[in-house]
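Working notes, structure below.
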Amino acid sequence: MRKNYFWLALLLWLLSTLPTNAQKVGLVLSGGGAKGLAHVGVLKVLEKNRIPIDYIVGTSMGAIVGALYSAGYSPAEIEKIVLSQDFQDWVAGRPLTGKVYNYFETDSDPAALHLGLAIDKNFKTRVTPRLINDATLNYQLATMLAPAGAISDYDFNKLLVPYRAVASEVFTRQRVVQRSGSLADAVRNSMAFPLAFRPIRQTDGRYLFDGAVVDNFPTGVMTEEFKPDIMIGVNVGDVAFKQYPKTPKDDELLTGTLIFLGSNVADTLSVGKNGIFIQPDLEGYGAGDFNRAKKLVTLGEAAAEAKLAMMLRRIPRREDTLALQQRRRAFQDQAPRPDFKQVNVQGLPTEQQAFVRRFFRRSGTNYTPSDIEEGYFTLVDNDFFSNVYPRVMYDKQKKGYVLSVDARQNNNLTADLGVLLSTRSMSNFYLGGSFRYLNRFLYTASVNTTVGRFYNGAHGAFRVSLPGRFPVYVQPQVTFNNFNYQDTGGLLGTNTETTQIQQRDLATTLQIGLSPNYRSRYIITGGAFTTRDRFSNTDELSSNATLDVNRVSGITAAVKFERNSQNRRQYATLGRRVEFGFRAVKAIETYIPGTTASPDMEGRDKNHQWLRANAFIEQFFTLNKVDSVGVRTSAWGFTTDLVASTQGRFATYRSSLTASPAFLPLPDSRTLFLDRYRGTAYAAGGLHFVQGVAGPLEWRTSVYAHVLVRPWGRDPENTLLAKRQNTISRPYFTAMTGLTYQTPVGPASLQFITYDEKNHRFGVFAHIGYVLFRDRALD
């Protein structure tokens with residue numbers, strides 16, 4: 001009998017040391033920025049091989065991936081998300097395609113540096129730090145994770161997979177384990193890495209930072225919270241330097257040590273003696289390499305496959321694939337209808353809260369997701385508001401979602417700076433500033449100026465903005481332009497042969513804008529203008545010559561429709577820009593001949609009135625190819641530009657051209673006065689192709705063709721005068737090919753160009769910065 005008891009006890013002891021079917025498996029996902037995308041590959045291998053996941057704890061990027069899985073997203077769905085262009089835009093702080101709102105925005109300017117300042121009643125100034133723009137990321141997290149929060153009643157234990165997110169308290173540097181509340185908040189807190197993403201203010205007033213600061217590999221949290229039988233730990237952060245970097249490049253060392261010092265390093269033994277530690281080989285990859293998402297996911301798969309035999313041996317329990325899919329579907333089916341019942345605003349004075357709520361327009365009795373999205377992106381694109389954070393929570397009593405907008409800081413002063421360096425004469429400096437005041441309406445006073453040799457300009461405006469179902473702004477403004485084609489010297493010392501022409505214009509107008517949605521606006525403009533063109537009637541000009549002067553003064557009114565969803569101010573690869581306009585002009589022309597005119601030419605005053613219509617469409621389509629190097633952009637596009645005007649003949653051939661609309665297909669076209677590109681009516685079209693070379697480096701090629709309808713020609717009886725031709729010109733061709741690189745101060749480009757004009761047949765053009773000019777008085 002004693003012998004039998006002995007063998008029975010021995011058998012029970014052996015069984016207790018072996019894994020059982022009741023094993024609970026905990027998955028720990030570390031932080032590491034973009035390197036955390038390797039977690040997606042690990043999840044794919046685990047689910048493919050039916051290895052169960054009963055609990056998830058994550059930090060930083062591990063918190064994001066873990067939250068998506070716990071919220072019911074499959075590994076395949078998560079992979080699709082992180083490989084999308086939208087995801088690249090989220091993490092880079094770029095607005096999503098189609099979410100560019102140009103109602104509150106003024107026309108595109110060449111500013112590369114935009115600084116927000118806040119001045120209080122005591123004249124104390126606070127500078128808004130320029131971190132990654134998190135507006136799009138915050139909204140996407142809030143909306144993607146809102147259904148799971150509602151289903152679980154904001155208890156992380158009731159998610160598809162029980163979940164914890166690790167953050168750290170800013171001032172005490174204590175670890176904070178997030179177990180309940182907004183799932184999006186928990187994720188956003190866990191990824192607020194210093195000097196990258198700003199921390200968000202909690203409902204209790206605290207600010208939380210990235211959990212990587214105190215616990216980047218939270219195996220201890222897994223043990224304390226869930227007590228799993230076995231742990232799988234995936235670390236994509238640092239363990240320690242393999243060897244001291246004695247001969248690195250300084251910038252690489254400084255960047256690497258910043259991340260190293262900011263993150264708590266992993267303890268490889270903390271998964272326990274029976275646990276599985278997975279460390280993907282991410283040598284050569286950095287925390288910001290999100291554009292190499294495909295390769296990072298693949299490396300995560302490879303690391304998990306290398307430990308697969310060990311996992312299968314130590315975790316004999318298998319997840320029923322069909323049952324998992326059914327459980328995931330059943331969880332997602334519990335999500336409430338996406339109806340929003342209310343919009344709350346916090347952190348602003350009462351009158352400003354009322355102003356913000358008017359950004360959100362109802363469709364019927366509820367707000368639809370489209371209403372909420374439009375209102376949010378409209379709000380964040382307004383410079384007066386910064387640090388806007390959305391919270392989406394489900395209210396059982398209202399039987400719908402409630403959006404709470406936290407906007408605790410505002411900018412009432414902004415400053416802009418831009419620099420353009422070019423091999424042509426367009427090099428210049430741009431300075432701008434604006435002051436905003438919000439009470440019942442938003443009042444904005446702005447001024448900006450451009451100083452250069454070829455171009456000088458200034459713009460001043462005062463805008464009153466009225467949000468509502470159909471937002472409206474009213475803006476009196478003054479615009480000055482001066483183009484000096486005669487002064488061909490550039491900052492880089494280059495010279496370009498040009499016609500001797502100087503063009504100046506001044507317009508004082510009242511502009512009224514109406515925006516039916518955040519991608520388009522209707523503009524009505526009316527006011528007075530004056531233009532002054534000085535020109536030579538010959539290509540050979542002596543030093544004591546006097547130029548002809550042609551002044552046009554009068555009134556004008558215009559109606560314009562604009563739509564812009566392009567992803568860049570210049571050199572776009574995606575999106576559409578549309579402009580349809582109609583303008584009426586009534587003016588008097590004053591001509592004063594100079595010494596280059598014939599002696600019998602006399603000055604004159606003549607009344608003019610004309611109508612002008614124009615249509616412009618530019619569309620780009622992007623095809624992203626994901627390979628081992630990263631995301632390569634391949635894009636193609638087209639341009640259509642149509643202009644028709646009843647404008648009559650001016651005093652001379654040259655003045656008729658200077659007063660006519662111009663087809664300006666390329667960035668440098670403004671610096672060249674091309675006779676064959678000017679006329680009262682023309683039709684133009686272009687094709688574009690863009691091929692990504694490496695990272696932000698692109699090869700761009702554009703080809704254009706245009707024809708002039710009844711173009712100006714020289715009168716055979718007097719070549720100084722203009723005479724309209726009764727034909728359509730032959731097609732004129734323009735082509736450009738070259739490299740473009742997106743830099744922090746704007747695009748840098750080297751282009752090889754050909755124009756269909758004898759004096760400018762071929763050229764090489766290079767620049768750094770935005771090549772953008774203000775509209776002229778009659779554009």
Side-chain angles (χ1 to χ4, degrees), residues 101 103-105 116-128 134-135 138-139 142 146 181-182 184-185 188 198-207 339-368 371-395 397-398 400-414 434-446 462-475 513 515 518:
Y101 183 71
Y103 161 64
F104 277 106
E105 295 299 311
L117 303 172
I119 301 178
D120 60 22
K121 296 179 180 179
N122 297 320
F123 296 98
K124 293 182 178 180
T125 302
R126 180 179 65 252
V127 179
T128 302
D134 58 358
N138 293 340
Y139 182 80
S182 166
D185 279 12
R188 185 59 180 78
R198 65 183 177 88
I200 61 172
R201 185 182 177 96
Q202 306 303 297
T203 54
D204 61 4
R206 293 186 303 165
Y207 285 94
D339 294 329
F340 286 79
K341 300 294 185 179
Q342 187 173 323
V343 174
N344 297 327
V345 181
Q346 293 113 21
L348 296 172
T350 303
E351 64 275 9
Q352 295 187 8
Q353 292 180 21
F355 182 86
V356 170
R357 279 193 293 270
R358 293 174 64 184
F359 282 82
F360 298 89
R361 300 176 285 180
R362 292 178 186 267
S363 296
T365 57
N366 300 326
Y367 299 94
T368 67
D371 295 334
I372 294 297
E373 180 182 75
E374 180 174 330
Y376 174 77
F377 282 106
T378 304
L379 176 63
V380 298
D381 279 343
N382 187 319
D383 263 344
F384 183 78
F385 302 100
S386 62
N387 291 358
V388 177
Y389 185 77
R391 285 187 175 91
V392 178
M393 305 286 282
Y394 186 76
D395 190 312
Q397 293 183 345
K398 293 183 173 63
Y401 289 97
V402 174
L403 171 69
S404 297
V405 177
D406 192 354
R408 296 182 178 271
Q409 185 177 0
N410 59 73
N411 295 320
N412 47 21
L413 185 65
T414 56
S434 61
F435 177 79
R436 294 171 174 82
Y437 174 75
L438 176 60
N439 195 343
R440 184 179 177 187
F441 304 127
L442 178 62
Y443 304 93
T444 304
S446 62
F462 180 78
R463 174 174 293 196
V464 182
S465 301
L466 297 79
R469 182 157 189 82
F470 295 101
V472 176
Y473 70 80
V474 179
Q475 176 173 293
S515 179
Y518 52 76

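Residues take their numbers from the sequence shown, with the count starting at 1.
- Counting only N and O atoms by type, the side chains of Q342 and N344 include a donor and acceptor under 3.5 Å apart.
- In this structure, Q346 and S404 have side chains that are in contact, with non-hydrogen atoms separated by less than 4.5 Å.
- Aromatic ring orientation, F340 versus Y401: tilted (interplanar angle from 30° to 60°).
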Between L438 and N412, is the side-chain contact (heavy atoms from CB on, under 4.5 Å) condition met? List the steps. CA-CA 9 Å; L438 176 60; N412 47 21; over 6 Å; no

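- At least one side-chain heavy atom of F360 sits less than 4.5 Å from a side-chain heavy atom of L403.
- Under a 3.5 Å cut-off, the side chain of D395 and the backbone N or O of Q397 do form a donor-acceptor pair.
- Considering only heavy atoms from C-beta on, Q352 stays 4.5 Å or farther from V345 through its side chain.
- Residues forming a side chain to side chain contact (heavy atoms under 4.5 Å, CB included) with S182 (at least two apart in sequence, or on another chain): A184, D185, M393.
- Nearest heavy atoms, N138 versus V388: ND2-O, 4.1 Å.
- Under the side chain to side chain contact (heavy atoms under 4.5 Å, CB included) criterion, R358 pairs with F441, P467, not counting sequence neighbours.
- The shortest non-hydrogen separation linking L348 to A407 is CD2-O, 2.8 Å.
- Considering all non-hydrogen atoms of both residues, D134 and R188 come closest at OD2-NH2, 2.6 Å.
- By the 4.5 Å heavy-atom criterion applied to side chains, T444 and Y473 are not counted as neighbours.
- With sequence neighbours excluded, no residue satisfies salt bridge (charged side-chain N to carboxylate O under 4.0 Å, His left out) with K341.
- Taking the six-membered ring for Trp and thresholds of 30 and 60 degrees, F359 and F385 have ring planes more than 60 degrees apart, a perpendicular arrangement.
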